[in-house]
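Values reported hereafter were calculated over all heavy atoms of this structure, with side chains retained and with hydrogens, waters and symmetry mates removed. Please read these numbers as outputs of a predicted model, since none were measured by experiment.
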Amino acid sequence: EPFQRDDKTKFYEQAASEILKNSGVTAGYCLVLGNEDGRLAYELARQAPALRIYGIDSDEAKVSKARERFAAAGWYGPRVTFFVGQPDKTGLSNYFANLVVSDSQLTTGKLPGTAVEIGRYVKPCGGIACFGVPRSDTAPKLSLDDLKTSLASNYLRDDAEINIKDNWVVLKRGKLAGVGEWSHQYGSPDNACFSNDERVKGSLGVLWYGDPGPAKTINRHDAASAPLSTNGRFFTQGTDSVRAYDAYNGQFLWEYKNPGAIRTGVFNNNETSNLAASDDALFVTVGDTCTQLDAATGRVVAQHKPPPSKDGIKRDWGYVAHHDGILYGTSTIRSQLSDALRRRGLTVESDTDAIFAVDLKTGKLLWNYRGPNLMHVTITIGDGQMFFVESTLSNNEREALLRQDKAALKDLPPEEAKKKEQELKRLDIRTAVALNAKTGEENWRKEIDVTNCTKVSSGGGNLTLMYK
């Protein structure tokens with residue numbers, strides 16, 4: 001062990017125990033400012049083996065001695081690393097630390113550096129800075145109110161909560177102001193391919209690199225579902241699992257095994273993604289099931305099923321989205337299954353026969369809209385409405401549109417009029433529909449001409465809708 005038991009052992013054991021308890025952080029990256037001899041770093045590493053500890057101290061002799069002590073015990077490198085430096089000149093990445101503490105503050109009662117410097121390291125979306133002293137007779141006298149005031153007055157940010165817990169002042173950082181998110185395949189349920197981020201500007205640099213790496217990621221040529229990022233977490237799908245990482249420091253959070261989940265062909269809007277995310281959950285569809293995972297832990301919260309189809313043929317959960325506490329889906333026969341059914345001589349009235357909504361608070365079906373040949377790849381949600389396209393018109397509706405367009409032919413020369421009439425007969429006429437996203441009630445529908453709007457580019461993309 002780096003340290004033998006002595007008169008300081010109990011003090012540091014208790015300090016580390018109380019820090020871990022009051023911060024709630026037991027894994028990830030920990031920064032010890034004012035590292036001193038490394039006693040606090042040692043106890044944190046011993047009591048929380050999943051923490052990777054970085055200690056900073058301005059005294060080169062102390063750092064050198066601590067390195068030797070920990071290296072001799074086999075702790076240095078993989079578990080604990082020490083640097084010489086000032087709190088504001090460490091070379092460490094912004095936002096990397098799940099937990100920031102101080103050894104020197106335990107003995108002096110003073111914050112290391114300034115709160116502004118501390119704020120550079122604490123990761124957003126749950127990062128913790130914890131300062132105080134253990135309840136010990138050997139601990140220095142400390143005014144927690146003064147410490148809290150000092151931390152608050154110097155932090156110079158409005159993205160954190162600062163509270164007193166037991167004998168500690170705990171700063172918990174929230175979301176960065178103006179940060180965007182990518183919760184669905186095309187940004188958000190509105191398909192706008194826009195994250196609303198207001199912070200990203202020029203002079204970008206590398207914040208972290210590493211996993212998941214190519215071995216755990218589906219080849220891009222397979223066009224699988226895009227990675228998602230919400231509330232400081234990053235979700236990516238592999239061949240038979242989905243994995244979560246901390247978006248600010250790359251820490252691996254969890255993996256959920258789901259063989260068969262891979263959905264390829266998600267390009268040019270030929271297929272929908274099978275992933276959607278909220279601040280607290282990741283939704284993954286496999287077959288006819290949408291599994292709701294806790295975003296922080298990967299624990300299964302619930303499993304949702306689509307309503308039965310009228311024709312009795314089993315359909316998958318196709319489209320998936322989350323918006324304002326509601327989970328949306330479609331009852332869909334995906335192209336592979338549809339082709340297989342037709343080879344067996346089975347026909348279906350519609351590949352997608354229903355769009356539905358589930359109240360996540362109750363798990364109950366809110367509404368279920370049925371229609372002919374619903375194009376689930378066109379669904380978009382915005383301003384309380386859901387928009388999509390139905391791919392067929394009734395004969396009466398088609399004839400009415402043709403009569404309307406033919407009226408313009410009477411002024412054309414005969415040959416040109418005949419050519420134009422043939423073009424009209426080849427029109428690709430479909431129906432755009434708007435529903436109330438909360439109730440499923442139809443707000444309006446309108447016939448639209450999408451002739452030459454699909455399969456025309458080199459990629460041959462499908463029809464899509466965007467709302468902004």
Side-chain angles (χ1 to χ4, degrees), residues 184-192 269 271-273 276 283 285 288 290 304-313 315-334 348-405 427-451 453-454 462-468:
H184 293 71
Q185 177 72 16
Y186 300 112
S188 62
D190 60 16
N191 296 338
N269 211 39
E271 181 57 272
T272 60
S273 171
F283 303 92
T285 67
D288 67 345
C290 178
H304 309 277
K305 298 279 188 177
S309 297
K310 286 184 176 181
D311 57 15
I313 293 178
R315 285 169 165 79
D316 289 343
W317 189 303
Y319 170 86
V320 61
H322 170 272
H323 186 63
D324 287 345
I326 299 175
L327 176 65
Y328 296 95
T330 61
S331 176
T332 300
I333 296 179
R334 296 180 58 232
V348 293
E349 294 181 0
S350 175
D351 286 352
T352 295
D353 73 337
I355 303 173
F356 55 88
V358 176
D359 185 343
L360 289 176
K361 287 185 178 179
T362 64
K364 294 182 178 180
L365 188 70
L366 279 177
W367 53 264
N368 184 23
Y369 175 92
R370 294 193 180 277
N373 292 315
L374 305 173
M375 295 186 66
H376 69 296
V377 296
T378 65
I379 297 173
T380 185
I381 300 171
D383 284 346
Q385 294 192 91
M386 172 183 282
F387 308 92
F388 57 90
V389 171
E390 293 179 353
S391 64
T392 59
L393 291 176
S394 69
N395 289 334
N396 289 338
E397 291 170 327
R398 178 176 289 276
E399 287 300 324
L401 280 174
L402 288 175
R403 285 195 301 270
Q404 178 180 331
D405 289 335
L427 285 177
D428 186 357
I429 307 296
R430 310 191 193 191
T431 305
V433 182
L435 306 180
N436 183 303
K438 290 187 176 181
T439 66
E441 296 178 357
E442 186 174 306
N443 290 339
W444 53 261
R445 63 174 48 234
K446 181 178 181 180
E447 291 71 33
I448 55 173
D449 179 1
V450 296
T451 307
C453 290
T454 63
N462 211 332
L463 188 66
T464 190
L465 296 181
M466 303 169 73
Y467 183 88
K468 202 65 183 174

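The minimum heavy-atom distance between T272 and G318, with the atom names listed, is OG1-O, 3.5 Å. Pairing each heavy atom of I355 with each of L374, the nearest pair is CG1-CD1, 3.8 Å. Annotation for H322 and H184: closest pair N-NE2, 3.0 Å, computed over non-hydrogen atoms. Closest heavy-atom contact between N368 and A354: OD1-CB, 3.3 Å. Of all non-hydrogen atoms in R315 and D288, the two that sit nearest each other are O-CB, 3.5 Å. Annotation for A437 and I326: closest pair O-CD1, 4.2 Å, computed over non-hydrogen atoms.
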message = What verdict does the salt bridge (Lys or Arg N to Asp or Glu O under 4.0 Å) test give for D353 and R370, after you've listed the backbone C-alpha separation in whole Å, the side-chain angles of each residue and the deciding distance to 0.1 Å?
response = CA-CA 6 Å; D353 73 337; R370 294 193 180 277; 3.1 Å; yes
inquiry  = Before you tell me yes or no, could you show the steps for M375 and R430 under side chain to side chain contact (heavy atoms under 4.5 Å, CB included), namely the whole-Å CA-CA distance, both residues' side-chain angles and the distance that decides it to 0.1 Å?
reply    = CA-CA 10 Å; M375 295 186 66; R430 310 191 193 191; 2.9 Å; yes
key: Working for side chain to side chain contact (heavy atoms under 4.5 Å, CB included), residues K438 and H323   = CA-CA 10 Å; K438 290 187 176 181; H323 186 63; over 6 Å; no
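In this structure, T330 contributes its side chain and T332 its backbone to no donor-acceptor pair below 3.5 Å. Distance alone, capped at 3.5 Å, is enough to place a donor-acceptor pair between the T380 side chain and the P189 backbone. The backbone N or O of L365 lies less than 3.5 Å from no partner atom in the side chain of H304, so there is not a single donor-acceptor pair. Checking side-chain atoms of N436 against main-chain N and O of N443 turns up no donor-acceptor pair under 3.5 Å.
Annotation: the span from L366 atom CG to D359 atom CG amounts to 4.5 Å, rounded to 0.5 Å. Note that CG of L360 and CG of D324 are 11.0 Å apart. Values are rounded to the nearest 0.5 Å. Here the straight-line distance linking atom CE of M386 with atom OG1 of T439 works out to 11.0 Å at 0.5 Å rounding. Within the model, atoms CD1 of I381 and CG of D190 stand 9.5 Å from one another, a figure rounded to the nearest 0.5 Å. Rounding to the nearest 0.5 Å places OG1 of T378 at 9.5 Å from CD of E390.
F388 and Y319 have their aromatic ring centers separated by at least 6.0 angstrom.
Side-chain atoms of S309 and S331 form a donor-acceptor pair, as typed in the model, at a separation below 3.5 Å.
Just one residue in the list W444, F387, Y369 forms a side chain to side chain contact (heavy atoms under 4.5 Å, CB included) with V433, and that residue is Y369. The side chain to side chain contact (heavy atoms under 4.5 Å, CB included) test with L435 singles out one residue from R445, E441, E442, and that residue is E442.
Classification of the W367-Y328 ring pair by plane angle, with boundaries at 30° and 60°, yields tilted.
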